[in-house]
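Report on one structure; see the data block that follows.
Ligands are counted one by one from 1 in listed order, and the atoms in each one are counted from 1 as well. These numbers come from the heavy atoms of this one structure, side chains and all, not from hydrogens, waters or symmetry mates.
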Amino acid sequence: TLVSMKEMLEKAKANGYAVGQFNLNNLEYGQAILQAAEEEKSPVIIGVSEGAARYMGGYKVAVAMIKSLMEEYGTTVPVAIHLDHGSSFQECAKAIHAGFTSVMIDASAQPLEDNIAVTKKVVELAHLHGVSVEAELGRVGGQEDDLIVEDAEAMYAIPAECEQLVQETGVDCFAPALGSVHGPYKGEPNLGFDRMEEIMHLTGVPLVLHGGTGIPTKDIKRAISLGTAKINVNTENQIAQAKKVREVLAEQPELYDPRKYLGPSRDVIKETVIGKMREFGSSNKA
Ligand code: G3H
Ligand code: ZN
């Protein structure tokens, strides 16, 4: 069933596991993620970035694809369709009106006051429609679509500011940037666990970890123990898929039917997602 993130994240936080956000890049990702969730009896968040939405033909296309797949599959687990890194109130509003059940307003590049102001506006509209909202402070480094944050700009969220934003806006969950990076890591991630613990106590809402690709299991478990209830993964699925496509085309250079190489790559995405659901502890929690 299509739901907002609110209940699923509160339940995850209360029971010591995290729900994965897996990004939708095209049809095969939608199929793989929904199949994995149903097989694992796991709640799931399907993240759609603005770039991926443009690629697929817009927010309505993404919603229609997921809704139709859920109907076709007879999906029973909770599914949220979430705008990933929404860049403005207007984009969040468009996604909400297109049927998204959750939005992130990522105003982390703006001064705190501006971030709070726009986040309040998004929460007001979203909550009118029963849609959940995620916000961010600090800067997650790396590159996700057209969102590029240079190392120098990547910085840790400040606990007092996190408390202020969450209290003044009423967001349903919150992403403090604490050293994670979008895309492949250059070396081991160095997550700010002490700050995470402080922010968990100060904000009292489920926390979100962006840049889930490449974070060691021990860090995943520690983050969950410190209030992280949503973990975002995109690159790891993309790398796994690309590897499979290369293998299939290398083995059969004369191949040209897209279903013959996209099909096997879909199965690899599904397996990767299943592995993450088990690692995050969300399997059998639907
Ligand atoms: O919002 C999306 C995630 O933060 C993706 O991060 O591509 O490093 O797994 P990742
Ligand atoms: Zn992200």
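Between F280 and F22, the two ring planes are parallel [angle under 30°; tilted spans 30° to 60°].
When distances from the Zn ion (ligand 2) to the N, O or S atoms of H85 are compared, NE2 comes out shortest. The Zn ion (ligand 2) is closest to atom ND1 of H210 (considering only N, O or S atoms).
Atom 1 (O) of ligand 1 has as its closest protein heavy atom D84 OD2, 2.7 Å. Of all protein heavy atoms, the one closest to atom 3 (C) of ligand 1 is N232 CB, 3.2 Å. Atom 9 (O) of ligand 1 has as its closest protein heavy atom T213 OG1, 2.6 Å. For atom 7 (O) of ligand 1, the nearest protein heavy atom (residue, atom name, distance) is T235 OG1, 2.6 Å.
If you number the atoms of ligand 1 from 1 as listed, the ones under 4.0 Å from a heavy atom of G183 come out as 7 (O), 8 (O), 10 (P). Of all atoms in ligand 1, listed by their number and element, those nearer than 4.0 Å to a heavy atom of H85 are 1 (O). Proximity to H210 (heavy-atom distance under 4.0 Å) selects the following atoms of ligand 1: 1 (O), 4 (O). Counting the atoms of ligand 1 from 1 in the order shown, those under 4.0 Å from a heavy atom of N23 are 2 (C). The ligand atoms of ligand 1 that sit less than 4.0 angstrom from a heavy atom of G212 are 6 (O), 9 (O).
Looking at N234 against ligand 1, both its backbone and its side chain come within 4.0 Å, counting heavy atoms. When non-hydrogen atoms are compared, ligand 1 lies under 4.0 Å from the backbone of V181 (N, CA, C, O) but not from its side chain.
Distance alone, capped at 3.5 Å, is enough to place a donor-acceptor pair between the N26 side chain and the Y29 backbone. Within the 3.5 Å criterion, the main-chain N or O of A107 finds a donor-acceptor partner in the side chain of N115.
Considering backbone and side-chain N/O atoms, V233 never comes within less than 3.5 Å of an N/O atom of ligand 1.
Comparing Q143, E144, E136, Q238 by heavy-atom distance to atom 5 (C) of ligand 1, the nearest is E144.
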Check against salt bridge (charged side-chain N to carboxylate O under 4.0 Å, His left out), E10 and K13: CA-CA 5 Å; E10 287 169 354; K13 182 173 186 233; over 6 Å; no
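At least one heavy atom of Q21 sits less than 4.0 Å from an atom of ligand 1. By the 4.0 Å heavy-atom criterion, E236 is excluded from the residues contacting ligand 1.
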